[in-house]
There are 2 protein chains.
Amino acid sequence: MGITKTFGFSFKINEMSDILKALGNPARLKIIQFLMDSPSSACGDIIEVLPLAQSTVSKHLSELKRVKLIKGKNKGNNIYYSLNIKTWEKVKDFVLSEINLPKED
Amino acid sequence: MGITKTFGFSFKINEMSDILKALGNPARLKIIQFLMDSPSSACGDIIEVLPLAQSTVSKHLSELKRVKLIKGKNKGNNIYYSLNIKTWEKVKDFVLSEINLPKED
DNA sequence: TTTACATATCGAAATATTACCATATTTATA
DNA sequence: TATAAATATGGTAATATTTCGATATGTAAA
């Protein structure tokens, strides 16, 4: 079908998997990594470091914005993107909260 | 196209995004969460907690196995799945390593 | 207000993903 | 070996994703 079932899962699971899905793409993950190193980068600078067409990058930025992993701010002729700390913290908390790691066998 | 470009991205980015993509699905994320709480669970028990057909769950388990987030061990008539700590640590390290968080503006 | 530049959106093609049912395979036990 | 139970695989339909080129939109400066 191609459609992901969300019924029957908790809000938290659905929300977090949506964010992780956004991170689960080389281009989008590289954008995130780039913004970690170069906070508040112009859209054009992001496009430059990716091996993709401008329109493709734009869509990836939209997707990251949709899940609130990044936010854009207009400044002159450009849009400067930066991470949305809150959402990144949410990811970090989720990954860290799962501490009941089973013993290796 | 539907095809994700991997050429032009580092191995680490491609590897990590592959893992995160696997996590980016409610069913698969719930499986991971379930295995955190109930380490080493029989496949049947996992199927029980998901609102999906057995064959669908089986495919999700395969995907998680493919990216080495889980591993299965035959025991009698069942297969017991557990987390692959190494891979989970890799995810944790990745998320935590990105510490150069930009200031909120 | 035109021009130039930066970014977003549209439209379309190729491929990927998710889901299900039906069936196959595997493994242990009778 | 036959049976039953557990899990995996094949086939297929519906939908989603990724990508690109072309074009639209927005924004600042001339």
Side-chain angles (χ1 to χ4, degrees), chain A residues 1-9 13-14 17-31 34-35 40-67 69-82, chain B residues 1-9 13-14 17-31 34-35 40-67 69-82:
Chain A
M1 316 194 162
I3 195 166
T4 300
K5 266 201 183 177
T6 56
F7 186 79
F9 295 100
I13 283 283
N14 280 316
S17 70
D18 201 30
I19 296 170
L20 291 170
K21 186 171 70 173
L23 287 171
N25 171 281
R28 292 193 295 263
L29 194 57
K30 177 147 185 180
I31 290 171
F34 183 73
L35 288 178
S40 196
S41 295
C43 180
D45 293 338
I46 297 172
I47 291 165
E48 266 188 358
V49 296
L50 295 178
L52 299 169
Q54 177 266 324
S55 62
T56 304
V57 176
S58 183
K59 281 198 179 162
H60 284 310
L61 288 168
S62 285
E63 175 63 10
L64 289 172
K65 242 189 308 188
R66 186 185 67 78
V67 301
L69 272 165
I70 65 173
K71 49 192 171 183
K73 188 171 264 187
N74 289 49
K75 215 173 206 176
N77 224 358
N78 307 308
I79 298 180
Y80 286 78
Y81 283 103
S82 47
Chain B
M1 316 192 161
I3 195 166
T4 299
K5 267 201 183 177
T6 55
F7 186 78
F9 295 99
I13 282 283
N14 280 315
S17 70
D18 201 31
I19 295 171
L20 291 170
K21 186 170 70 173
L23 288 170
N25 171 282
R28 291 193 295 264
L29 193 57
K30 176 145 186 182
I31 291 172
F34 184 73
L35 288 179
S40 197
S41 296
C43 180
D45 293 338
I46 298 173
I47 289 165
E48 266 188 359
V49 297
L50 294 178
L52 298 168
Q54 176 266 326
S55 61
T56 304
V57 176
S58 182
K59 283 194 181 165
H60 283 309
L61 287 167
S62 285
E63 176 62 10
L64 289 171
K65 243 190 308 190
R66 186 184 68 77
V67 301
L69 271 166
I70 66 172
K71 49 192 172 184
K73 187 171 264 185
N74 290 48
K75 214 173 206 177
N77 224 359
N78 307 310
I79 298 180
Y80 286 79
Y81 283 103
S82 48

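This one's a predicted model, so the numbers in the text were calculated from it and none came from an experiment. These numbers come from the heavy atoms of this one structure, side chains and all, not from hydrogens, waters or symmetry mates. Letters A, B, ... are given to chains in the order of the sequence lines, protein chains preceding strands, and every chain is numbered from 1.
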(request) Looking only at non-hydrogen atoms, find the nearest pair between A:Ala27 and A:Leu52 and report the distance. (result) CB-CD1, 3.5 Å
(request) Please determine if a side-chain N or O atom of B:His60 lies less than 4.0 Å away from the OP1 or OP2 oxygen of C:dT17. (result) no
(request) Among residues two or more places apart or on two chains, list those pairs meeting side-chain hydrogen bond (donor to acceptor under 3.5 Å, both in side chains) that have a residue in residues 41-56 of chain A. (result) none
(request) For B:Ser58 and for B:Lys5, find the nucleotide of DNA chain D with the closest heavy atom, then tell me which residue's nucleotide is more 5'. (result) B:Ser58
(request) Kindly indicate whether the side chain of B:Lys59 and the base of D:dG11 share any N or O donor-acceptor pair separated by less than 3.5 Å? (result) yes
(message) According to side chain to side chain contact (heavy atoms under 4.5 Å, CB included), who are the partners of B:Ile13, at least two apart in sequence or on a separate chain?
(response) A:Pro26, A:Leu29, A:Lys30, A:Gln33, B:Phe9, B:Ser10
(message) Please give me every residue in residues 19-31 of chain A whose heavy atoms get under 4.0 Å of an atom in DNA chain C, ordered by residue number.
(response) none
(message) Applying side chain to side chain contact (heavy atoms under 4.5 Å, CB included), can you list everything that pairs with A:Leu61, at least two apart in sequence or on another chain?
(response) A:Ile31, A:Cys43, A:Ile46, A:Val57, A:Ile70, A:Tyr81
(request) Just call it for A:Tyr81: base, sugar-phosphate, or nothing, with non-hydrogen atoms closer than 4.0 Å on any strand. (result) sugar-phosphate
(request) Using atom CD of A:Glu63 as one end and atom C1' of C:dA8 as the other, report the distance to the nearest whole Å. (result) 15 Å
(request) Any chance you could list the contact pattern along nucleotides 23-30 of chain C? Use B for base contacts, S for sugar-phosphate-only contacts and - for none, protein heavy atoms under 4.0 Å, 5' to 3'. (result) ----BS--
(message) According to side-chain hydrogen bond (donor to acceptor under 3.5 Å, both in side chains), does anything in residues 18-29 of chain A pair up with another residue at least two apart or in another chain? List the pairs.
(response) A:Asp18-A:Arg66, A:Arg28-A:His60
(request) By nearest nucleotide on DNA chain C, pick out whichever of A:Asp45 and A:Ile3 is the more 5' one. (result) A:Asp45
(request) Would you mind telling me which residue lines up with the more 5' stretch of DNA chain C, B:Leu52 or A:Cys43, judged by nearest nucleotide? (result) A:Cys43
(request) With the side chain of A:Ser55 defined as its heavy atoms from C-beta on, choose the nearest nucleotide among D:dG21, D:dT19, D:dT7. (result) D:dG21
(message) Taking only side-chain N and O atoms of B:Thr56, does any of them lie within less than 4.0 angstrom of OP1 or OP2 on C:dA19?
(response) no
